[in-house]
Amino acid sequence: MISSGVEPNGVTIATAISACSVLKLLNNGMAIHALAVEIGCIDDVLVGNALIDFYSKCEKLEASQLVFDCMPEKDVFTWNSMIGGYIQAGYSGKANELFTRMQNSEIQPDVITWNTMISGYIENGDEDEATDLFHKMEKDGKIKRDTASWNSLIAGYLHIGQKQKALCMFRQMQSSGFSPNAVTILSVLPACANLVALKKVKEIHGIVLRRNLEAAVSIPNSLIDTYAKSGKLVYSKALFDRMKSKDFITWNSMIAAYVLHGCSDEALSLADQMLMLGLKPEQSTFVSIILAHSLNENVEEGKHILTTMIEDDQLTPAIENYAAMVDLYGRAGRLEEAIRFIEAMPVKPDSSVWSRLLTASRVHDCLDLGIHAGERLLGLEPGNALIRHLVLQAYALRGTREDTFRVQRLQNEHQLPKLIGESWIESKNKVHSFVSGDRSKPYSNLLFAWIDQISIEVKQIGRRQGLCIADEEKEEVVGVHSEKLALAFAFVCSQPVVPRSIRIVKNLRMCSDCHRMAKHISLKYGCEIYLSHPKCFHHFKDGHCSCGDYW
DNA sequence: TTAGGGTTAG
């Protein structure tokens with residue numbers, strides 16, 4: 001435009017600066033700022049507003065404040081942009097000061113100002129202040145809450161990990177006569193992505209259909225992911241097949257869904273289809289492809305994929321790609337290669353890398369390497385009780401003189417909270433919780449009798465007794481593990497019919513004894529068992545598990 | 001024509 005000799009005006013400048021804000025192009029934006037001064041449109045309120053947002057997004061808050069202070073004329077955008085800048089930088093106190101100043105100025109806060117303050121407070125951990133503002137905003141009758149007001153609160157709760165409160169607000173929103181929009185759905189779906197919330201997912205899917213929200217690609221994308229994590233891979237695939245326009249996230253989500261369910265061949269074939277359509281896989285696609293080769297224990301192919309990614313596609317591997325490689329070597333039992341790979345990595349290994357190595361070490365009974373990985377994990381997350389517990393166990397198992405000293409030192413550093421296994425299962429619209437060794441339920445005797453009977457059968461099949469590093473203490477110590485109680489509950493309460501599909505969520509890693517029992521039950525009764533615990537998803541069917549006995 | 005709320009990578 002400039003080289004054609006057309007003079008830009010304030011609108012041109014504001015639009016161009018906005019583009020720089022999105023792309024966080026500090027130098028280009030500053031050049032346009034200089035141009036605005038040169039052509040004399042710097043006092044244009046539109047330009048000033050765009051600049052405040054631009055400098056905030058480039059993390060140059062002092063510059064934003066300077067622009068704000070110099071503006072001869074301010075409007076509601078000016079104030080909102082400046083307040084939003086402080087909020088996004090985490091300065092809710094400073095934002096609140098401006099919010100108060102704004103209320104005493106000739107420009108009054110609008111619904112966006114209020115929403116910005118609400119999301120700012122809650123994301124900075126001040127839940128009370130956020131809900132207080134949410135209630136106050138309609139007090140004087142000038143401001144009406146909108147869908148985004150509800151979304152701010154719901155998304156805020158999710159950011160701080162309060163899923164239940166978010167879902168509760170979601171319900172309240174609907175009973176207050178507000179319809180969820182695409183943003184609401186995209187916030188709330190990941191909160192329901194687990195094996196015991198399938199009904200909730202279906203309910204939200206129902207809202208999507210009734211409100212015609214499936215047109216935006218992001219909605220079916222999120223549903224594909226959520227259904228897979230809720231154990232309904234067939235629903236994910238049905239949605240995928242029906243989608244007329246797919247984007248990268250669609251493909252990545254479906255490929256990752258197959259990997260999650262241990263369907264490596266389907267994942268690889270879908271990745272091939274993606275290539276044939278001329279779509280270039282991105283880093284995240286390669287994570288899934290490497291993991292699929294890992295499931296097949298095809299180390300050479302996995303290594304080839306990483307090379308292809310770097311050399312042919314000119315992509316810099318992300319830490320997740322390196323972690324997937326460790327899984328590839330680890331699952332195949334090539335532990336020395338795994339550790340050599342980690343040592344040669346161009347980036348610093350993070351906890352995902354070390355925890356993959358720890359998994360490999362525990363599955364292949366390699367105590368020394370397990371201790372090495374555990375110590376690294378502990379160095380990265382010293383406050384993590386679970387890791388501390390694993391490291392202590394590993395030292396105790398190895399039991400050299402130095403190990404004993406290390407155990408004592410670790411124990412003295414922190415008081416170890418007791419790790420209690422807990423499992424959840426849904427039945428008749430109610431989620432039931434079981435803790436390991438719990439005999440307090442009125443029907444406990446029925447559960448234990450059922451477990452005793454199955455245990456005898458499983459013991460006859462044989463047990464492998466290796467060096468065991470486990471999240472949870474052995475059952476001889478804590479009593480029957482919670483997932484067995486949940487399994488027994490599923491059978492006992494569906495009598496005389498055999499349950500077809502059982503879904504359980506657990507807080508701690510499953511032990512190999514419980515894993516063996518679940519496989520046996522799936523074979524004996526012809527039922528499917530889905531069980532997830534942090535970082536792992538199991539689908540037991542016909543005596544096999546989708547994890548390939550590696551978790 | 002500038003401001004707020006959101007999807008994948010077990």
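Just so it is clear, the structure is predicted and the values come from calculations on it, not from any experiment. Just so we're on the same page: letters track the sequence lines, and every chain starts at 1. Computed from heavy atoms alone, side chains included, the values below leave out hydrogens, waters and symmetry copies.
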N/O donor to acceptor pairs below 3.5 angstrom from side-chain atoms of residues 284-292 of chain A, sequence neighbours left out:
unit_1, atom_1, unit_2, atom_2, d
A/Ser284, OG, A/Asn252, ND2, 2.9
A/Ser284, OG, A/Glu282, OE2, 3.2
A/Thr285, OG1, A/Asn252, OD1, 2.7
A/Thr285, OG1, A/Glu282, N, 3.0
A/Thr285, OG1, A/Glu282, O, 3.2

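Residue A/Asp110 is in base contact, counting any heavy-atom pair closer than 4.0 Å across all strands shown. Contact annotation for A/Phe537: no contact, since no heavy-atom pair falls under 4.0 Å across all strands. At the heavy-atom level, A/Ala155 lies under 4.0 Å from the strands shown only through sugar-phosphate atoms. In this structure, A/Asp225 reaches the sugar-phosphate backbone alone: every heavy-atom distance under 4.0 Å involves primed, P, OP1 or OP2 atoms, never a base. Here A/Ser187 lies in heavy-atom contact (under 4.0 Å) with sugar-phosphate atoms only. If you check every strand for non-hydrogen atoms under 4.0 Å, A/His159 touches sugar and phosphate atoms only. The residue A/Ala148 sits close to a base: some heavy atom pair falls under 4.0 Å. Within the 4.0 angstrom heavy-atom criterion, base atoms lie near A/Asp146. Among the heavy atoms of the strands lying under 4.0 Å from A/Ser218 is at least one base atom, whether or not backbone atoms are also near. Among the protein residues, A/Pro534 comes within range of the nucleic acid bases, having at least one heavy atom under 4.0 Å from a base atom.
Remark: A/Ser230 OG to A/Lys200 NZ distance equals 13.0 Å, nearest 0.5 Å. If you take OG on A/Ser64 and NZ on A/Lys57, they are separated by 10.0 Å, rounding to the nearest 0.5 Å.
Salt bridge status for A/Asp471 with A/Arg362: present, with a side-chain N to carboxylate O gap under 4.0 Å. A salt bridge does not link A/Lys24 with A/Glu59: none of the charged nitrogens is closer than 4.0 Å to a carboxylate oxygen. Ion pair A/Glu528/A/Arg503 not flagged as a salt bridge, since none of the NZ, NE, NH1 or NH2 atoms sits closer than 4.0 Å to an Asp/Glu carboxylate oxygen.
Taking the ring centre of A/Phe134 as origin, the terminal cationic atom of A/Arg145 falls inside the region bounded by 6.0 Å and 45° from the ring axis.
Chain A approaches DNA chain B over the interval B/dT1 to B/dG10, counting the first and last nucleotide 5' to 3' with an atom under 4.0 Å from its heavy atoms.
Considering only heavy atoms from C-beta on, A/Phe540 stays 4.5 Å or farther from A/Tyr530 through its side chain.
Under the 6.0 Å cut-off for aromatic ring centres, A/Trp251 and A/Phe240 qualify, their centroids lying closer than that.
The stretch residues 62-75 of chain A has no heavy atom under 4.0 Å from DNA chain B, so no residue of it qualifies as close.
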